[in-house]
Amino acid sequence: MTLIAVEGIDGAGKTTLAAGLAAARPEVVVLREPGGAALSERVRALVADPALDVDPRAEALLFAAARAQLVAEKLAPLLAAGKTVVLDRYVDSSLAYQGAGRELGVGEIAALNAFATGGLTADLTFYLRVPPSVGAARLSGGRDRLERAGAAFFARVVAAYDALAEAATDRYVVLDATQPPDAVLAQALKHLQ
Ligand code: TYD
């Protein structure tokens with residue numbers, strides 16, 4: 001029973017890596033955040049909607065509520081059944097986006113999420129590191145509400161992820177995500193062996 005989180009800014013290639021891991025290791029279950037459970041998917045639609053005014057504290061609580069439901073309904077039972085779960089974003093997304101990006105404070109958001117998850121943490125975190133300019137250039141089509149946040153916001157998010165990676169070297173694996181997807185996947189698989 002292992003929980004593997006995939007983290008990084010928008011356009012880093014998290015979803016591509018998660019799909020690649022699932023293809024290489026058919027026994028793993030892939031879930032995404034926000035989402036992965038019916039309630040959480042509805043919250044996903046709310047937080048992404050550019051037409052909605054969402055206060056930063058409300059935003060943090062919405063992500064935490066979606067996460068609480070995902071943990072209770074899916075993650076905890078899957079891990080208890082001995083499955084390996086690859087999770088496309090987890091608590092560190094909130095630490096970076098709400099704690100640092102929205103400037104609510106990483107410590108406050110960590111406390112909120114400890115409550116939401118009942119203390120369930122990732123065993124391993126793949127951090128797909130790209131400069132904000134590279135992430136933004138990869139986003140195609142319309143931007144959702146969070147993807148419209150400015151350059152200063154994403155600079156804070158990247159700095160927060162970098163700090164988390166430095167503080168938690170036991171669980172963080174930093175991958176250079178400016179590389180082609182195959183190279184990123186190969187590095188991730190090497191770490192899983
Ligand atoms: P993402 O999975 O990147 O969406 P998509 O697959 O549509 O690109 O997540 C949606 C957005 O939500 C993304 O901009 C990051 C943001 N987010 C937070 O701000 N906090 C969180 O806790 C999570 C899980 C996501």
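Positions are given from 1, in the same order as the sequence printed here. Indexing begins at 1, ligand by ligand and atom by atom, following the structure's order.
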A.B. asks: List the closest protein heavy-atom neighbour of atom 22 (O) of ligand 1: residue, atom name, distance to the nearest 0.1 Å.
C.D. replies: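 Minimum-distance protein heavy atom for atom 22 (O) of ligand 1 reads S94 OG, 2.5 Å.
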A.B. asks: How far is atom 24 (C) of ligand 1 from its nearest protein heavy atom, and which residue and atom is that?
C.D. replies: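 The protein heavy atom lying closest is R67 NH2, 3.4 Å.
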A.B. asks: State whether R102 and D55 are salt-bridged, where the test is any N-O pair (Lys NZ or Arg NE/NH1/NH2 against Asp/Glu carboxylate O) under 4.0 Å.
C.D. replies: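 Between D55 and R102 there is no salt bridge, as every charged N stays at least 4.0 Å from the carboxylate O atoms.
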A.B. asks: Under the side-chain contact (heavy atoms from CB on, under 4.5 Å) rule, what do Y97 and D10 come out as? Steps first, then yes or no, please.
C.D. replies: CA-CA 11 Å; Y97 279 75; D10 298 271; 2.6 Å; yes
A.B. asks: For ligand 1, which atoms, with element, lie under 4.0 Å from some heavy atom of E147?
C.D. replies: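 Once the distances to E147 are compared, the set is 8 (O).
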A.B. asks: Kindly confirm or rule out an N or O of T15 lying under 3.5 angstrom from an N or O of ligand 1.
C.D. replies: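 The answer is no, given that T15 and ligand 1 share no N or O pair closer than 3.5 Å.
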A.B. asks: Distance check, rounded to the nearest 0.5 Å: E33 atom CD versus F63 atom CZ?
C.D. replies: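 Rounded to the nearest 0.5 Å, the CD-CZ separation comes to 9.0 Å.
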A.B. asks: Distance to 0.1 Å, residue and atom name: give those for the protein heavy atom nearest to atom 11 (C) of ligand 1.
C.D. replies: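 Looking only at protein heavy atoms, the one closest to atom 11 (C) of ligand 1 is L146 CD1, 4.0 Å.
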A.B. asks: Any idea which heavy atoms bring Y127 and A165 closest together, and the distance?
C.D. replies: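 Nearest heavy atoms, Y127 then A165: CD2-CB, 4.1 Å.
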A.B. asks: Show which atoms of ligand 1 fall inside a sub-4.0 Å distance from at least one heavy-atom site of D10.
C.D. replies: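 Per the distance check, 3 (O), 13 (C), 14 (O).
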A.B. asks: Looking only at distance, does D144 have an N or O less than 3.5 Å from an N or O of ligand 1?
C.D. replies: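 Such a contact does not occur with ligand 1.
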A.B. asks: What protein heavy atom sits nearest atom 1 (P) of ligand 1, and how far away is it?
C.D. replies: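 Going atom by atom, the protein heavy atom closest to atom 1 (P) of ligand 1 ends up being R89 NE, 3.4 Å.
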A.B. asks: Dump the intermediate steps for side-chain contact (heavy atoms from CB on, under 4.5 Å) on L124 and L192, then the final yes or no.
C.D. replies: CA-CA 9 Å; L124 176 67; L192 288 186; 3.5 Å; yes
A.B. asks: Any N or O of D88 that comes nearer than 3.5 Å to an N or O of ligand 1?
C.D. replies: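 Between D88 and ligand 1, no N or O pair is found under 3.5 Å apart.
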A.B. asks: Could you state whether L46 and L70 fall into the same hydrophobic cluster, counting links through intermediate Ile, Leu, Val, Met, Phe, Trp or Tyr residues with side-chain heavy atoms under 4.5 angstrom apart?
C.D. replies: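 Yes, same cluster.
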A.B. asks: Quick test of your reading of the structure: of Q98, E33, K14, whose heavy atom lies closest to atom 19 (O) of ligand 1?
C.D. replies: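 Comparing heavy atoms across Q98, E33, K14, the nearest one to atom 19 (O) of ligand 1 lies in Q98.
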A.B. asks: Thinking salt bridges, do R129 and D162 make one under a 4.0 Å N-O criterion?
C.D. replies: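 Salt bridge: yes.
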A.B. asks: Would V71 end up clustered with V85 when hydrophobic side chains under 4.5 Å apart are linked, directly or stepwise?
C.D. replies: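 Linked, V71 and V85 end up in one cluster.
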A.B. asks: Considering the options N113, L146, V157, which one meets the side-chain contact (heavy atoms from CB on, under 4.5 Å) requirement together with Q98?
C.D. replies: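 One option only clears the test, and that one is L146.
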A.B. asks: Considering only the protein, which heavy-atom contact is closest to atom 18 (C) of ligand 1, and what is its distance?
C.D. replies: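 Among all protein heavy atoms, the one nearest atom 18 (C) of ligand 1 is F63 CZ, 3.2 Å.
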A.B. asks: What residue and heavy atom of the protein are closest to atom 10 (C) of ligand 1, and at what distance?
C.D. replies: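 Checking every protein heavy atom, the shortest distance to atom 10 (C) of ligand 1 gives P34 CD, 4.1 Å.
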A.B. asks: Y97 to ligand 1: N or O pair under 3.5 Å?
C.D. replies: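 So ligand 1 has no N or O lying under 3.5 Å from an N or O of Y97.
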A.B. asks: Just by distance, no angles: are the side chains of D88 and T15 close enough, under 3.5 Å, to form a donor-acceptor pair?
C.D. replies: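 Short answer, yes.
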A.B. asks: R44 versus ligand 1: do any nitrogen or oxygen atoms come within less than 3.5 Å of each other?
C.D. replies: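 Between R44 and ligand 1, an N or O pair is found under 3.5 Å apart.
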A.B. asks: Is there a heavy atom in E59 that sits closer than 4.0 Å to ligand 1?
C.D. replies: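 The answer is no, since E59 has no heavy atom less than 4.0 Å from ligand 1.
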